[in-house]
Amino acid sequence: MTTPSRRALEQVLRDLQRIYHGSFTNLVQGQLQLAESVWNFKQGATVIHTYGQAYPDEGEDDYSWSGLDSAGRQMLGKIKYADSQATDETAPELVVDPGPSATEADAARSKGCAETAADSCAEIEIRVAALRQWMIEDPGAASEFIANELSKEDLAEAWRNALVFAAEDVPFATQQSQDRICDTLRAIALDLRSSLRPEVEQVVWSALRRFGSLVNAESANQLVDFLTPSGYVDTRLVALRSAVGIFEHCPPDDSYAFAALADRAYDFAKKSLDPDVFTSGEVSAIASEAVLALCVLGDSRAVECIDQTKRLGRRWMVRKLRERLEVVRSTWAGESNCREDHPARLQVARILADLI
Amino acid sequence: MTTSPHNYGNAVNSSVVTRVLRAGKTQPACRFRRYSVIGMYTDSDPEDFVRHVAILREDIDLQEPTEVGVYHMGPPLVAGEKSAAERFAKPTCRADIASDVALDTEEREAIDDWLAQVEKQNRDGVKPFQQYVVHPHFKWVRSPETGRRIRCRFSCAGFVIECYRAADILLLDTDAELPEVDERTLRAAYPDLARLENREPPIKDRFGFKNREDLGIAGNGPWRVILAGYLFHSLKRATADNKRPEAYVPKSATEGCFSG
């Protein structure tokens, strides 16, 4: 454990206060200054640039630090705020504890980011940092690794969450790897939907967004699972947005193949557009995505829902739908696979003529 | 000081107002309503250069520069309660300028809806400069495999422009030719950019900073980018008789400064 000079301690304390109590204008400035200050602890007067994150520990006055220095070495530690009122010049107010992880970090550097990310015995923070670096250095290999890891059972929660988030930031090059990660992310999202823990929301939404960005249009009915009333995480808006995202490029050749998806979209549109239920925000966003989903699926009930939207008396909702449908029409017009007499195209044209 | 929407205390409740907030309480307090536009001056010269712009989260009485709750593109993005609660979120900003153009209920609802949509695109852990873009003022991030839209990147001004556009309020004519902005002004407008681009690669990676081209400002300039100050020159044209003037076209990069 290192006891830094009072001056250095005060500098870190000031940095922490700026970050967490508002006088910093943004995150970047705060983090950079904090990073340099923390490294000052370890190196005396030598300033070596570091980068990383400091975050408050739950239920304590401490801050955890996780980052890398410019040589790529992992740094983990604790920043302990002991006594803000101390007047004794010798009393440490903050203590940085590099901890055993410093040794692991050095090992991580020597093994390389791929090996470190794959080392199930390493601390998760180290593995995540290594994985992120690997994604920059070799995204293809990193994406394969992410798909492999996510398919394993009994992953540590923090590691699983980091992998899900990482899947949103890395391309999957082959159809095979796309299909595989789709299946995995869908399974994870379905599983976590039932969790009572609020922190899994972001993980479910992330998994579902990535699933929706990759899944084959023919498999879009799989989104229906996320439009059924089950579990605690609300997946309606993300699932509907995914459905629209899939078909706004090109409508399905056979609308009836997606009847289950269209049925749920219709249900949500009818309910959300009910004047007794309608509110601006999440409900209105669900309503508009549901109506758009019907439009891009070429479902004839879209017309009924557009009429219901108009009866609601919200000009902004009508305008929003019109603007979004104009984008869809324009996209479809530039898509060679979308024939001019496609029923969905004709219907969108009719709806737009009525909305203008 | 936040009060309930129905308690206006001693504050002046103007219908349409754009005000520079001066230190020392030299002017009466004024009530600014939710989704008013908030501006923050630079900490360097010129002192009336607007460095950041955001949307007010709650009604508040303002008399002098005050830290207020906002929705904005920091980065990171804060578009709702969830993103505001994220580990590195910065859901506040110093209000040096405030502009309330008396949004009606329809306009507020449209903004509620837009924020809800943007909030659901967001997640904790997206690197700050991968949420951000300088030019154009907003840009869709698409799936590299399918081209499907995933989430939007914004500049701070772009966030406000698109938020108000959702309410059919066109603050700037974004299709018009904007004034040229030189390197010095660009650095004043984006101090984090200037600070980061000379750092070591690991630091750039940490914040998702690739290069200027990724942010839409390739080459040596000048660049026709939107400056936050333009928004207040646009907003101040609103009057009780003409609350929604047509989209503004800034004439010079000096309009990055705003002194009321």
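Across A:M317, A:R241, A:R132, the residue that shares the most heavy-atom pairs under 4.5 angstrom with chain B is A:R241. Across B:D113, B:D112, B:I111, the residue that shares the most heavy-atom pairs under 4.5 angstrom with chain A is B:D113. Chosen from B:N122, B:V126, B:T105, the residue pairing most often with chain A at heavy-atom distances under 4.5 Å is B:N122. If you tally non-hydrogen atom pairs under 4.5 Å between each of A:V244, A:D169, A:I246 and chain B, the highest count goes to A:I246.
Pairs passing the salt bridge (Lys or Arg N to Asp or Glu O under 4.0 Å) check and including a residue from residues 143-152 of chain B, sequence neighbours excluded, read A:R210-B:E145, A:E248-B:R149.
Both the backbone and the side chain of A:V215 come within contact range of chain B, each with at least one heavy atom under 4.5 Å from a heavy atom of that chain. Only the backbone of B:Q121 comes within less than 4.5 Å of a heavy atom in chain A; its side chain stays farther off. Proximity to chain B (any heavy atom under 4.5 Å) is shown, for A:R315, by both the backbone and the side chain. For A:R209, the part lying under 4.5 angstrom from a heavy atom of chain B is the side chain only.
Ionic pairing of B:K90 and B:E67 is present here: one or more N-O contacts between side-chain nitrogen and carboxylate oxygen are shorter than 4.0 angstrom.
Proximity of a side-chain donor or acceptor of B:H52 to a complementary backbone N or O of B:A228 within less than 3.5 Å is not detected.
Between the side chains of A:N216 and A:Q178, no donor-acceptor pair of N or O atoms lies under 3.5 Å.
With sequence neighbours left out, the salt bridge (Lys or Arg N to Asp or Glu O under 4.0 Å) criterion links A:R197 to A:E157, A:E199.
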**Request:** For B:K120 and A:E289, run salt bridge (Lys or Arg N to Asp or Glu O under 4.0 Å): C-alpha distance rounded to whole Å, both residues' side-chain angles, the deciding distance at 0.1 Å, then the answer.
**Result:** CA-CA 13 Å; B:K120 272 286 162 59; A:E289 292 301 322; over 6 Å; no

